[in-house]
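Okay, structure first, notes after.
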Amino acid sequence: MAKLYVSQKQFGVGAAIASLFIIVPLLALLLTQSAHRFQDALLDRNDTVGTGIARDFHQFLKPLSESLSQPACNPDNLRKLRQTDFRSKYLSYYAEVRDGHILCTSYEGKLANPVALPAEYVQFDAETAILNDLNTEVIQTQGTAAIRAGNLIAVFDYPELSNTISKSWLDYASYSLINNQFTSVKPFYTHPLNDINISGNSERWFEGGYYIASRCSIQNSCDLVSIDILSYVKSQQLTLTVLLMLTAMVMWAFYRAGCNLHSSIFSLPNQLRAGLKNNELTLHYQPIVSTTSSEVIGCEVLCRWHAADGHSVSPDTFIPMVEDNGLCEALTESVTRTAIKELKLHGLLGKVRVAINTFPEDIESGFMKRNLNRHVPERYLPWFTVEITEKSVGNLDNLAKNVDQLRALGVQVSVDDFGTGFSNLETLQAIKVDQIKIDRSFIIGVEKPSLKRSIVDNICQLAKSLNVRLVAEGIETAQQLEFVKTRNIALTQGYFHSKPLAIPDFAQFVAQQNRNNADATSPQSKRILQQASQA
Ligand SMILES: Nc1nc2c(ncn2[C@@H]2O[C@H](COP(=O)(O)O[C@H]3[C@@H](O)[C@H](n4cnc5c(=O)[nH]c(N)nc54)O[C@@H]3COP(=O)(O)O)[C@@H](O)[C@H]2O)c(=O)[nH]1
């Protein structure tokens, strides 16, 4: 089965990226909502302006034009012009017009020299009235528009809107839909959509980078607000900076949360638990070699773990984890079961000794005995060695009792890492063991006279007096091997012979090594060796 593994960092980054799927739509919604509100406010305001102009037209301009008396610009007319200008909100600058000339205005009074209507004022007939229900003309001018009733004109503009319209990202227009014809009445209107087809009363749409809202509130007259999204986004620098900072903070929070989630789901202990369950742990076998015959007489079974992401975790890392997470029995049982299976498969069961490492509690709880009984066929039990460390010494009497029970099965017991910790004579006398393994820390440098050499000599003495076999661990050089031979240490283990090997390699190593030994002891080999030593 393919192993799928994401590192904590990848998981965190994934969570941060996933958060974008929440943040981006939220931001889009936020911006859209704010654009909505803006457009609505603008359309509302325009309604007010539109209806305000209509109201002012009906209430003031039209009645006033009908009430003007002759001659033009008489004092009564001027007073009415000023009063009306003062009272109307959306129309101002009332003026009497005769023959294309402004004769007087509410502001200047009677003009000494009548002013011809500016060119743009007379072009109004090209425009269709926005307020067509007013049944009058709207005059397009530079920045203002004027409306006419009889001999009176009044100017209207978009006083409130013009402030808003000055924003670079906003465009605004009013449309008259008379005869389904598009006519802009907004000054300076430059909107690119000139074949626009507004059908409903109120709608929004997105087109060519513009976000557009329209509303037709006066018959045949519609208002349109378009927002150039890119420019709008650019203009919102402050808002965007704040949003980006918030986004970064949210992503960071998601990253951290992802990492935490990862470590709770994918923590090494959890992976280890799963690995044990899925038989992901593999075994290596390190040869144990006879000093006298150079034959491989056995092996130490050492556990290996390739975590789900493919990287191997050192036993020095995962063995303490096993202890801290209550997985000792599961590991020891898995090691025992797998070792039996693999050794049997390669024809080594009952051919080589098998040393299995244990945890202190494996012994104290009697688990190791049950475990061996359950998994090792009885006739093979004498081929097994249980390696106990000095850490195993919790309750000496209990340990001694359990060790006796193991030995009663026919299993041998070996003290591992001897010399480290607090090994003492009392312990060794209390528990009857078959073998002591000298820790490799004493072997490093032992070839030269040193304190270590004296310690090894003492251990040799001790083993002799207790009548237990010795194994020298961590033999890495020929000199170290030579030294242990001089001390009659029976067995050796270390990289000099071989590193721990996977079962096929170990089987091959045993076959090769023991074949060489057989050859070396043949008459022909003996002769060669003799000649070599004489030379
Ligand atoms: N209870 C269990 N403990 C286990 C099991 N599998 C391993 N272990 C314990 O983990 C410790 C580290 O083991 P490992 O990394 O496998 O190292 C072993 C050898 O590879 C290493 N070794 C052997 N020869 C040499 C050498 O010449 N040089 C050198 N630098 N290292 C060498 O020593 C380790 C074996 O040590 P020990 O067990 O003390 O004999 C280790 O404590 C293992 O016991 C398990 O299944 N159960």
Side-chain angles (χ1 to χ4, degrees), residues 272 275-276 279-289 296 298-306 312-343 353-365 367-368 371-372 375 384-392 412-421 423 433 435-447 469-481 483-484 489 491-503 505-506 509:
L272 183 61
L276 263 169
N279 290 325
E280 277 174 12
L281 278 77
T282 56
L283 299 184
H284 275 191
Y285 301 80
Q286 188 171 32
I288 298 176
V289 179
V296 181
C299 59
E300 179 180 356
V301 183
L302 295 158
C303 199
R304 295 289 175 263
W305 180 36
H306 300 281
S312 46
V313 185
S314 152
D316 288 324
T317 305
F318 76 78
I319 292 291
M321 237 184 255
V322 167
E323 290 177 296
D324 292 345
N325 290 277
L327 299 169
C328 294
E329 291 189 2
L331 178 83
T332 306
E333 187 165 9
S334 160
V335 168
T336 313
R337 226 180 22 232
T338 311
I340 299 275
K341 201 169 88 189
E342 291 187 341
L343 288 164
R353 296 204 59 75
V354 185
I356 292 188
N357 285 288
T358 56
F359 296 97
E361 47 269 56
D362 288 349
I363 308 288
E364 294 246 4
S365 64
F367 165 77
M368 197 59 192
N371 174 50
L372 290 173
H375 297 291
F384 277 75
T385 301
V386 172
E387 295 202 356
I388 61 174
T389 62
E390 290 167 291
K391 279 195 290 176
S392 312
Q412 294 198 353
V413 175
S414 170
V415 176
D416 201 5
D417 306 332
F418 192 81
T420 59
S423 49
V433 296
Q435 177 178 285
I436 289 174
K437 286 181 99 170
I438 306 172
D439 190 69
R440 74 164 179 273
S441 58
F442 297 107
I443 300 299
I444 302 166
V446 81
E447 55 274 27
R469 192 171 56 238
L470 273 179
V471 183
E473 278 190 313
I475 299 291
E476 292 185 352
T477 65
Q479 289 83 351
Q480 289 167 349
L481 182 62
F483 170 79
V484 299
I489 292 172
L491 302 171
T492 51
Q493 178 183 345
Y495 292 171
F496 181 70
H497 300 303
S498 165
K499 287 198 167 181
L501 300 166
I503 189 71
D505 300 330
F506 175 66
F509 183 86

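Note that these values count all heavy atoms, side chains included, but never hydrogens, waters or copies made by symmetry. Each ligand, and each atom within it, is numbered from 1 in the order the structure gives.
- Side-chain atoms of Thr332 come within 3.5 Å of backbone atoms of Cys328 as a donor-acceptor pair (strictly under, hydrogens ignored).
- With sequence neighbours left out, the side-chain hydrogen bond (donor to acceptor under 3.5 Å, both in side chains) criterion links Glu329 to no other residue.
- Thr282 meets the side-chain hydrogen bond (donor to acceptor under 3.5 Å, both in side chains) test with no other residue; sequence neighbours excluded.
- No side-chain donor-acceptor contact under 3.5 Å links Asp416 and Thr389.
- Listed by chain and number, residues touching ligand 1 at under 4.0 Å (heavy atoms only) are Gln286, Glu300, Leu302, Cys303, Arg304, Pro315, Asp316, Ile319, Leu331, Val335, Asn357, Thr358, Phe359, Asp416, Asp417, Lys437, Arg440, Glu473, Gly474, Ile475, Glu476, Gly494, Tyr495, Pro500.
- Arg469 and Gln412 share a donor-acceptor pair across their side chains, judged by distance under 3.5 Å alone.
- In terms of the side chain to side chain contact (heavy atoms under 4.5 Å, CB included) criterion, residue partners of Pro500 (sequence neighbours excluded) are, by chain and number, His284, Gln286, Leu302, Arg304, Tyr495.
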